[in-house]
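Below is one structure; the comments refer to it alone.
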Protein chains: 2
Amino acid sequence: MTTIYDVAKRANVSAMTVSRVINNASSIKKETRLRVEKAIKELDYIPNRSAQSLTSKDTRLLSLIVTDVTNPFYTRIARGAEDKAHEEGYQLVFSNSDENIEKESSYIRSAISRGIDGILFTPSGDDSRKNIKFIQKHNIPVVLIDRYLDGIELDSIIGDNHTGTKKLMNHLYEYGHRKIGFVTGPNSVSTTRERMEGFKSFIEENHLPYNQKWVFTTNLTNMKTSHFIKDLLTLPKEDRPTAIFCTNNFLAVDLMNSLNNIDLKVPDDISIVCFDDPQPIPMHNSFFTVVSQQPYEYGYIGLSMLINRIEGKQKEEQKRIVYTPELMIRHSTKIIN
Amino acid sequence: MTTIYDVAKRANVSAMTVSRVINNASSIKKETRLRVEKAIKELDYIPNRSAQSLTSKDTRLLSLIVTDVTNPFYTRIARGAEDKAHEEGYQLVFSNSDENIEKESSYIRSAISRGIDGILFTPSGDDSRKNIKFIQKHNIPVVLIDRYLDGIELDSIIGDNHTGTKKLMNHLYEYGHRKIGFVTGPNSVSTTRERMEGFKSFIEENHLPYNQKWVFTTNLTNMKTSHFIKDLLTLPKEDRPTAIFCTNNFLAVDLMNSLNNIDLKVPDDISIVCFDDPQPIPMHNSFFTVVSQQPYEYGYIGLSMLINRIEGKQKEEQKRIVYTPELMIRHSTKIIN
DNA sequence: AGACTTTTTGTTACCGATATCATAAAATAG
DNA sequence: CTATTTTATGATATCGGTAACAAAAAGTCT
């Protein structure tokens with residue numbers, strides 16, 4: 001490996017001078033600068049960031065922790081974050097927590113061990129609180145993305161789940177649906193919880209019928225929506241929901257698969273709505289009626305906030321940015337009489 | 001920041017002893033080990049990887065360079081790679097080259113600067129050759145994924161594009177299609193080139209009609225398939241292709257959008273096939289007829305190969321793994337008479 | 001030209017860990 | 001109980017940079 005000393009020797013200067021050239025410090029004679037730069041080129045010298053970090057205390061490395069990049073929502077967050085990071089000369093280490101606290105902790109530990117400058121973080125759920133405490137104890141800037149945690153004050157960028165839910169419910173209502181089912185993940189997650197609250201209050205405010213059997217909660221790893229469907233079918237036809245609200249895209253896809261498997265058609269037999277596009281591409285012919293958020297912006301802006309915090313541009317109190325999701329009416333819902 | 005010296009002081013031992021405990025070296029009295037471990041816990045000490053890397057020369061950091069994580073094919077490669085990395089105690093820095101050589105170079109430079117232990121790499125195209133030379137000059141292990149470069153011997157994991165193409169073409173043929181169009185990206189990419197070769201040889205072997213106007217080449221950044229469609233429509237109806245082969249999923253999606261925009265329906269008016277699922281989720285109701293590869297495995301196995309190379313388990317000559325894509329007949333193709 | 005600034009370059013110590021060699025303590029042997 | 005081997009711990013130099021100060025060179029001024 002070529003070091004700063006090799007370059008120094010070749011350019012006939014001290015190591016310090018080379019260091020100055022690398023960091024284009026002031027007060028270097030043009031002539032020596034050129035000589036050093038020549039030596040750098042000739043030797044293919046690249047500075048060793050580990051060594052730099054040892055003195056400078058920064059690494060220009062950031063950590064992105066999401067639950068699963070494979071979820072198009074997070075894929076686009078990742079892309080947005082990476083774009084901003086690249087623009088600003090940072091790089092991104094990415095991690096999939098799979099909604100698993102242990103995994104999350106282990107990623108955080110190694111991130112800290114690496115001396116990453118900050119973390120862009122989608123917490124698994126309420127249990128993540130201790131992980132956040134841990135991060136804070138180590139004085140590392142964090143920005144929460146998509147989910148927040150009660151009682152923890154942090155920069156964050158999230159969606160307005162109440163409004164989003166209301167938009168979807170309203171759409172179903174206008175399409176004539178009154179019996180509306182609800183499929184959701186564990187409510188240790190803020191987004192899920194808020195969507196559930198939104199759902200319930202809509203039901204109440206509009207005096208819609210409500211049946212405990214229309215509600216299904218799943219952990220996200222093995223969904224088992226098929227069980228739910230089977231249960232629904234035990235009800236007399238007039239007691240079944242005509243539409244189902246899913247708190248996220250993965251659930252909607254899984255639910256639809258379960259329905260298709262027993263030859264129930266969406267939207268002819270039942271309508272489905274959910275949060276977030278299941279598809280990564282803004283396709284003309286997307287199928288699901290959703291409220292759509294702007295994950296790319298979440299990632300991009302979230303990362304800007306993080307960098308501002310790191311570089312001390314944002315000194316004041318925490319900032320929370322809230323985006324309002326947009327209703328996209330597509331083909332998974334149908335007007336009924 | 002807590003250092004090894006803080007721990008040493010607290011546990012009343014030398015720094016070296018702490019280091020030994022961290023790396024669970026042999027020959028430490030159980031009693032001192034416990035004392036040190038206690039101190040580590042109490043101080044929340046986490047070793048500084050930058051410092052470790054300075055002596056050990058490894059970082060347990062790997063670089064993943066793909067063209068765009070947002071493409072579900074690469075999303076899943078990323079996930080596969082990250083899973084394996086995590087299992088083995090490595091972490092992944094990820095980068096989107098956007099098929100842009102300059103970006104690619106800049107990512108490689110900073111990866112090397114970081115001292116990453118290896119690179120899992122989807123080269124932008126033929127121009128990436130110089131980037132690979134550069135990586136090799138710095139003695140960094142690389143595994144190529146999805147695309148290879150002629151004349152460069154490296155571990156790689158790729159798909160069998162000839163067979164894949166033949167499968168799709170055969171399917172169209174069996175469905176009665178004879179006039180088949182072709183939409184492709186820049187052929188500086190090995191996959192594209194091979195698919196094009198496969199296409200041409202199929203046409204020749206089966207004496208199918210061929211018309212230069214049925215072929216459209218685009219750079220992948222601004223596709224402009226709509227121009228292509230407009231051109232097709234200037235042909236008399238009987239001279240238009242009844243099916244179009246796209247070399248990748250993004251092109252297929254874009255093409256379909258263009259068709260929809262002028263009220264041409266897939267598959268009723270025209271059939272489409274392509275490589276790789278546009279959707280990240282194995283959905284029951286996926287639309288496109290494709291040959292599907294196993295990107296998750298590409299990532300997972302590619303990363304294993306990389307680690308083997310890094311850790312010296314794979315000393316011998318280069319290894320090339322070739323996967324055969326599988327035909328998935330869905331709803332974007334139609335039998336014609 | 002000499003005194004005084006200002007600019008440019010070099011020296012040394014240090015960042016936080018570990019390799020290497022040295023030493024102390026414990027275990028075993030004679 | 002000393003001599004010898006083995007095991008456990010420590011001192012020091014080093015990895016590749018940079019901060020902080022020191023020194024040398026160049027430029028200004030009288």
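Within every chain, numbering begins at 1; the chains are lettered A, B, ... in the order of the sequence lines, protein sequences first and strands thereafter.
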Exercise for review: Please state whether the rings of B:Y298 and B:F73 are parallel, tilted or perpendicular, taking 30° and 60° as the class boundaries.
Suggested key: perpendicular
Review point. Taking 4.0 angstrom as the limit, do A:E311 and A:R60 come out as a salt bridge?
Key: yes
Check your understanding: Would A:R79 and A:D83 pass as an ion pair if we require N to O under 4.0 Å?
Key -> yes
**Study point:** The single option from A:D98, A:D68, A:D127 passing salt bridge (Lys or Arg N to Asp or Glu O under 4.0 Å) against A:K103
**Key:** A:D98
Review point. Could you give the NZ-to-C1' distance, from B:K29 to D:dT6, as a whole number of Å?
Key: 14 Å
Check your understanding: Taking the side chain from A:T122 and the backbone from A:I145, do they hold a donor-acceptor pair closer than 3.5 Å?
Key -> yes
Point to revise | Overall bend - the helix from C:dA1-D:dT30 to C:dG30-D:dC1, comparing terminal axes fitted on five pairs, nearest 10 degrees | key: 40°
Practice item. Send over the distance from B:K9 NZ to C:dG16 P, rounded to a whole Å. Key: 13 Å
Check your understanding: Along nucleotides 10-19 of chain D, 5' to 3', which nucleotides get a B, which get an S, and which get a -, given that the test is a protein heavy-atom distance under 4.0 Å?
Key -> BB---BBBSB
Check your understanding: Does NZ belonging to B:K38 count more than 12 external heavy atoms closer than 6.0 Å?
Key -> no
Practice item. Write down the distance between CZ (B:R49) and C1' (C:dT18), rounded to a whole number of angstrom. Key: 12 Å
Review point. Between A:I157 and A:Y323, is any pair of side-chain heavy atoms under 4.5 Å apart?
Key: yes
Check your understanding: Does C:dT9 have OP1 or OP2 sitting under 4.0 Å from an N or O in the side chain of A:T32?
Key -> yes
Revision key, fill the gap. Closest heavy-atom pair, B:P141 versus B:R309, reported as atoms and distance to 0.1 Å, is CB-CG, 3.9 Å
